[in-house]
Every structure is written in structure tokens, then in C-alpha cells.
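Have a look at the structure below, then the notes.
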Amino acid sequence: MKKTLRARRRRRRRAFLAAVTLLVGLGGVSLVSAIVRLPVHSVPDAPDTTTEPEDMSPDGEENTKETSPEEGEQDNTSLEETPKEENSSPPPQAAAYDYSQPLPESAPGAEGAFQNSLFIGNSITDGIARYGIIPGATVYAKNGLTVTDALTEPVVTSGSGRITVEQALQTRQFDRIYLMFGMNELGFSSEEQFVTRYSNLIDRIWALQPSATIYVQSILPVTAERSQKDSTFNNPKLQHFNELIRQMCAEKQALFLDAHSALCDESGALPAEYSSDGIHITKEAYGVWFSYVNTHIWGGN
């Protein structure tokens, strides 16, 4: 009887120890599972605070049109601000040069000096190629081109068709790049918009062409007759925009080339014999323009 009782006690102890062992084991698994299942929180993405710019007319209503002397009213619904390039940089001589002043006269460029030069602009710039004014120079231009679509409009002919100026600038490096914008932009609803987009355009070209010297040209004058009858394309307004361009160049330390001064008379107007419509210039006027460009070269070569 005693043996039977002791055997039962041993079996109970073994069962109790087995139960305790099982409970401890299950508790460990539950604890590990709980730790594994704890949520892991990453830093959330910053909220998108960018907004599309609004073009406002003088009476406060949204304006989606811009006036161009080449294409009448231009659709402005796709205008976007170009992000400023963080790696863009002004010319290396920034500390020694007064960028608030027009580029001073230099010795004439040597023969073939413009073989690796690029001119970007609207129909006025396009005349350089049309008349063959600057031998060897490359021209990326189109009627109605503005600072808004200068890099995105497919104006460059390539083997596969037409590509944008931005795409073309990624395939070839130039020594000099000449910009002329502002005539079509006289119809912009905002002067600040014009300056901002021109500044962003320069930044982007600096990033794409880090070795090139960029010349920002002033807007050429219009004739006195055109100026007197046109509320948009007139010399007082044009000269105001030229001053905005000069100030922009001073702030950005970009070279300001005052091509306007080469083609204006004593009154500040384009001589009548230099234009048939008051805005676009003749072949003779292009020769005067190029003579000025050729004697205003950074570094003099």
C-alpha cells in the first residue's frame, strides 16, 4: 500500500514539473512573439508643399495667355517654374568683375572664334542662321520662344527628328552661349515671373554646360513708329525689362551684354531702315549686332 502511494506521488511530481516546464516554454514563445510583433515606425515623408504658380491679370482674375509679337496670344497654361540647380555656378572670375555693368569692349575675336558658340532665342536670334551672319555658330531658335519653354520646346533638328534644347545641350559642350529673351515676354502678366524664369533658365544651362561662358543679351530696340503705336512692344517698356535683366545679371553674377546699345539711335529707338515691321531686323542690322558681339568677348579671344 505504501509503495503504491509513493509511486502515485512520484507520478504527480513528474506531471507537475512537466506542466511547469510546458508553461514556461509557452511563456517564452509568447514573449518573443510579442517582441517581434512590436510596430516599427520610420520617419514619415515630408509633406508636398509645392504649388503651381498662378498668372494673374491686373484685375485679379487668372490669366493663361501671354502676348507674342510673333504668334499673337500664346497659350500659357503649361507654364511651370524650373527648379533652381544647386550645382550651377557663375563664371569663376566673379570676385574681380562688376556684374552690374555691361560687358566692356574687347579686341575683336580671332577668325573662327565662334565655331563652338551657341545662340539661343526667338525669331530675332533665328535670323543669325537665316542670314548666315556668324560663320560656324550654332543657333537654337524658334518663333515665339520664351524663357518659359526655351529648354522644353523641340526646336533642334537631330538625326532622329526634333529634340529639345535641353536634350541637345546634353550631347555637346559649347565654349560660349548667348541668350536673348524678353521681346515676347513683354506680354507676360508678371515682371517677377519673367525674371524668375529667366534666372532659372540660366541656372539650368550653367548646370548642363559648366565650362561655357554665358552671355545674357539685352533686348533689341523697336522703331520709333512701332513704339508709339504699340502698348506692349514699345521702347520705354522694353528698356524697363532690360534694366530688370541687368539687375538679374548683377545678382546672379552673369555677364550682361548690352546689344541694345549697338542698334539704337539717339532717341533709343531702332533706326527705321533696320526693320520692315518695327521689330525684326534686316540683314544689315544683323551685321551691326554681330560686330558688337565680336568686340565684346569675355577674356578678349
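Count residues from 1 along the sequence. Quantities reported herein were computed from a predicted structural model and do not represent experimental measurements.
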In chain order, what residues pass the salt bridge (charged side-chain N to carboxylate O under 4.0 Å, His left out) check against E225, with sequence neighbours excluded?
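E225: no salt bridge (charged side-chain N to carboxylate O under 4.0 Å, His left out) contacts found.
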
Residues in salt bridge (charged side-chain N to carboxylate O under 4.0 Å, His left out) contact with R130, at least two apart in sequence or another chain
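Once residues adjacent in sequence are excluded, the partners of R130 under the salt bridge (charged side-chain N to carboxylate O under 4.0 Å, His left out) criterion are D126.
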
With sequence neighbours excluded, give me every ring pair (Phe, Tyr, Trp, His ring centres under 6.0 Å) pair touching residues 117-168.
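Every ring pair (Phe, Tyr, Trp, His ring centres under 6.0 Å) pair that includes a residue of residues 117-168, provided the two are not neighbours, is F119-Y178, Y131-Y286.
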
Non-hydrogen side-chain atoms of [X] and [Y] separated by less than 4.5 Å:
X    : Y    : value
F256 : Q101 : no
I245 : S218 : no
N184 : L145 : no
E273 : T282 : no
D258 : Y292 : yes
F188 : T148 : yes
I120 : L118 : yes
L169 : L151 : yes

Mind checking the [atom1]-[atom2] spacing from [X] to [Y]? Nearest 0.5 Å is all I need.
X    : Y    : atom1 : atom2 : answer
M180 : I128 : CE    : CD1   : 7.5 Å
Q253 : M248 : CD    : CE    : 13.0 Å
L220 : H280 : CG    : NE2   : 10.5 Å
E153 : R162 : CD    : CZ    : 9.0 Å
S190 : E185 : OG    : CD    : 12.5 Å
Q228 : N235 : CD    : CG    : 9.5 Å

If you take all heavy atoms of [X] and [Y], which pair is closest and at what distance?
X    : Y    : value
Y99  : A254 : CD2-O, 3.3 Å
K237 : T232 : CD-O, 3.4 Å
S100 : D98  : OG-OD1, 2.6 Å
V222 : S227 : CG2-CB, 3.9 Å
I281 : A285 : CB-CB, 3.6 Å
L270 : L263 : CD1-O, 3.5 Å

Test side chain to side chain donor-acceptor pair (under 3.5 Å) applied to E166 - qualifying residues, sequence neighbours left out:
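Side chain to side chain donor-acceptor pair (under 3.5 Å) list for E166, sorted by chain: R204.
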
In terms of side-chain geometry, is the basic nitrogen of K252 or D203 positioned less than 4.0 Å from the acidic oxygen of its partner?
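Yes, K252 and D203 are salt-bridged.
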
State whether the side chain of [X] and the backbone N or O of [Y] hold a donor-acceptor pair below 3.5 Å, judged by distance alone.
X    : Y    : result
R246 : P102 : no
D265 : P271 : no
T196 : Q193 : no

With side chain to side chain contact (heavy atoms under 4.5 Å, CB included) as the test, would you mind laying out the steps for V288 and Y274 before giving the verdict?
CA-CA 10 Å; V288 176; Y274 280 168; 3.6 Å; yes

Pairing residues for [X] by the side chain to side chain contact (heavy atoms under 4.5 Å, CB included) criterion, not counting sequence neighbours:
X    : value
A212 : I177, Q209
Q239 : N242, H260
S211 : none
E105 : T295, H296

Dump the intermediate steps for side chain to side chain contact (heavy atoms under 4.5 Å, CB included) on I124 and W289, then the final yes or no.
CA-CA 11 Å; I124 296 176; W289 177 13; 4.0 Å; yes

Intermediate values then yes/no, side chain to side chain donor-acceptor pair (under 3.5 Å), E243 and Q247
CA-CA 6 Å; E243 178 60 19; Q247 292 174 5; 3.0 Å; yes

For F174, which residues count as a ring pair (Phe, Tyr, Trp, His ring centres under 6.0 Å) partner, sequence neighbours excluded?
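With sequence neighbours excluded, F174 shows a ring pair (Phe, Tyr, Trp, His ring centres under 6.0 Å) to no residue whatsoever.
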
List for me each residue that meets ring pair (Phe, Tyr, Trp, His ring centres under 6.0 Å) alongside F194, sequence neighbours excluded, and say none if there are none.
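With neighbours one apart ignored, the set is Y198, F241.
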
May I have all residue pairs that pass salt bridge (Lys or Arg N to Asp or Glu O under 4.0 Å) and include part of residues 286-295, sequence neighbours excluded?
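For residues 286-295, and leaving out neighbouring residues, there are no salt bridge (Lys or Arg N to Asp or Glu O under 4.0 Å) pairs at all.
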
Can I get a per-line list of side-chain donor-acceptor pairs under 3.5 Å for residues 110-117, giving both atom names and the distance, sequence neighbours left out?
| unit_1 | atom_1 | unit_2 | atom_2 | d |
| --- | --- | --- | --- | --- |
| N116 | OD1 | R172 | NE | 3.4 |
| N116 | OD1 | R172 | NH2 | 3.0 |
| N116 | ND2 | Q173 | O | 3.3 |
| N116 | ND2 | D175 | OD1 | 3.3 |
| N116 | ND2 | D175 | OD2 | 3.3 |

Over 12 foreign heavy atoms within 6.0 Å of CD, E192:
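Atom CD in E192 is not crowded, with 12 or fewer foreign heavy atoms closer than 6.0 Å.
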
Evaluate H240 against E191 for side chain to side chain contact (heavy atoms under 4.5 Å, CB included), listing each step before the verdict.
CA-CA 10 Å; H240 174 62; E191 295 176 1; 3.0 Å; yes

If the test is side-chain contact (heavy atoms from CB on, under 4.5 Å), which one of I297, I214, L103, V216 qualifies with L255?
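That would be L103; it is the only one of I297, I214, L103, V216 passing the side-chain contact (heavy atoms from CB on, under 4.5 Å) with L255.
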
